[in-house]
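Here is the naming used below: chain letters follow the sequence lines, and residue numbers restart at 1 for every chain.
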Amino acid sequence: QKEVEQDPGPLSVPEGAIVSLNCTYSNSAFQYFMWYRQYSRKGPELLMYTYSSGNKEDGRFTAQVDKSSKYISLFIRDSQPSDSATYLCAMSVAEYGNKLVFGAGTILRVKS
Amino acid sequence: NAGVTQTPKFQVLKTGQSMTLQCAQDMNHNSMYWYRQDPGMGLRLIYYSASEGTTDKGEVPNGYNVSRLNKREFSLRLESAAPSQTSVYFCASSVGGARGYTFGSGTRLTVV
């Protein structure tokens, strides 16, 4: 079993829809949770960063962490065609000195 | 500001050939990483260098070697390429923390 599980999709939604992307994990020691966005033929770029449980909002994006369920989510409101990309979750045990463990990534397509 | 620069962007090798993938960063980051990305597998860590002068194996190191030439440069070498090494390779750097990974644009390698 992978340490971090993520549905690869693709997830196809109409423009303006609310998108929910999710990851589950098995290592209860993870405390730092990230979402990366990767456009086609580009490297991943950091989108959201959260520590421990709770919610974090940045514009149209909300990251949610439920450590009791070992489940993290990324919500995108009012989705745009420019949001079409692969979204990778990543997590780490400590802020320094530990490597990130990535999910496989979910392909999102927003249709205009 | 270039960030993380990878060369070459594309490469085709024959089985058994060797090559070195180059990576340089201009952000004065301490840590550097090599990942490979395959469909459905996400990003898998090959090797990393927590600081200048140190290197360590990641999740999938077999068939690869690395050199941390100086603080800026971290190279990945394939001594005898195999078709299983066909992948997209990403170099990343960070100041040392979980949140600050900056990725290069990748090298697409095909081994025939």
Side chain, backbone, both or neither: which part of [X] has a heavy atom under 4.5 Å from chain A?
X: B:Arg44; answer: neither
X: B:Leu43; answer: both
X: B:Glu59; answer: neither

Exercise for the section: Can you label the angle between the A:Phe30 ring and the A:Tyr25 ring as parallel, tilted or perpendicular, going by 30° and 60°? Expected result: perpendicular
Would you say [X]'s side chain and [Y]'s backbone share a donor-acceptor pair under 3.5 angstrom?
X: B:Ser49; Y: B:Thr55; answer: no
X: B:Arg108; Y: B:Phe10; answer: no
X: B:Asn30; Y: B:Val95; answer: yes

Please classify the contact of [X] with chain B as side chain, backbone, both or neither, using a heavy-atom distance under 4.5 Å.
X: A:Tyr51; answer: neither
X: A:Gln6; answer: neither
X: A:Pro44; answer: both

Practice task
List the steps and the verdict of side chain to side chain donor-acceptor pair (under 3.5 Å) for B:Arg77 and B:Ser18.
Solution key: CA-CA 7 Å; B:Arg77 182 160 178 85; B:Ser18 62; 3.2 Å; yes
Problem - chain A interface, residue from B:Phe103, B:Phe90, B:Tyr35 that has the most non-hydrogen pairs under 4.5 Å - result: B:Phe103
Problem - Pair B:Asp38 + B:Arg36, salt bridge at N-O below 4.0 Å - result: yes
